[in-house]
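When a ligand or atom number is given, it counts from 1 through the structure's own listing order. Values below: every heavy atom of this structure, side chains too, minus hydrogens, waters and symmetry copies.
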Amino acid sequence: MSSLTVTFVEDNGTVRTITGVAPNQSLMEVGRANGVEGILADCGGACACATCHVYVDPQWEDRVGPPDDIEAAMLDMVSEVQLSNSRLACQIKLSDALDGLKVTVAPIY
Ligand code: FES
């Protein structure tokens with residue numbers, strides 16, 4: 001089985017590169033398991049809290065893709081800090097295609 005690398009930039013600027021990540025889990029789960037600051041995931045990944053909000057690095061936007069309608073509605077709840085590259089980390093499922101993914105954790109709102 002392959003393993004992946006993902007990088008989170010925390011709101012305070014700390015860069016957290018995590019290696020050996022198993023695919024088929026969400027980006028939120030990886031953030032939580034590794035203590036990434038600002039990934040609170042209050043709803044446990046049910047797309048119902050927006051406390052796993054990240055900004056996808058521009059280089060990765062095409063591969064990650066846009067949010068679906070339910071996720072977009074949730075992101076509207078944090079519109080004060082929403083950007084065009086906003087996604088909820090619990091809705092990003094990791095795969096080989098996302099090996100190297102880089103995101104910035106959105107400020108907690
Ligand atoms: S963990 Fe709640 S929306 Fe992602």
Distance from atom 3 (S) of ligand 1 to nearest protein heavy atom, with residue and atom: A50 N, 3.3 Å

Between S26 (side chain only) and I92 (backbone N and O only), is there a donor and an acceptor less than 3.5 Å apart? no

Name the one of V105, I39, L88, L40 that satisfies side chain to side chain contact (heavy atoms under 4.5 Å, CB included) with H53? L88

Atom 2 (Fe) of ligand 1 to C52: any N/O/S contact under 2.8 Å? no

Return yes when at least one N/O/S atom of C43 is nearer than 2.8 Å to atom 2 (Fe) of ligand 1, and no when none is. yes

Heavy atoms only, cut-off 4.0 Å: how does C47 contact ligand 1, side chain, backbone, both, or neither? backbone

Counting from 1 in the order shown, the ligand 1 atoms closer than 4.0 Å to a non-hydrogen atom of C90 are 1 (S), 3 (S), 4 (Fe)

Are the side chain of D99 and the backbone of T5 linked by a donor-acceptor contact shorter than 3.5 Å? yes

Numbering as shown, the atoms of ligand 1 that approach G45 to under 4.0 Å (heavy-atom distance): 1 (S)

May I ask you to identify, for A48, whether its side chain, its backbone, both or neither come under 4.0 Å of ligand 1 on a heavy-atom basis? backbone

Any donor-acceptor pair under 3.5 Å linking the side chain of N85 with the backbone of V56? yes

Any donor-acceptor N/O pair, N34 side chain to V36 backbone, under 3.5 Å: no

Do D76 and Q82 touch side chain to side chain, with heavy atoms closer than 4.5 Å? yes

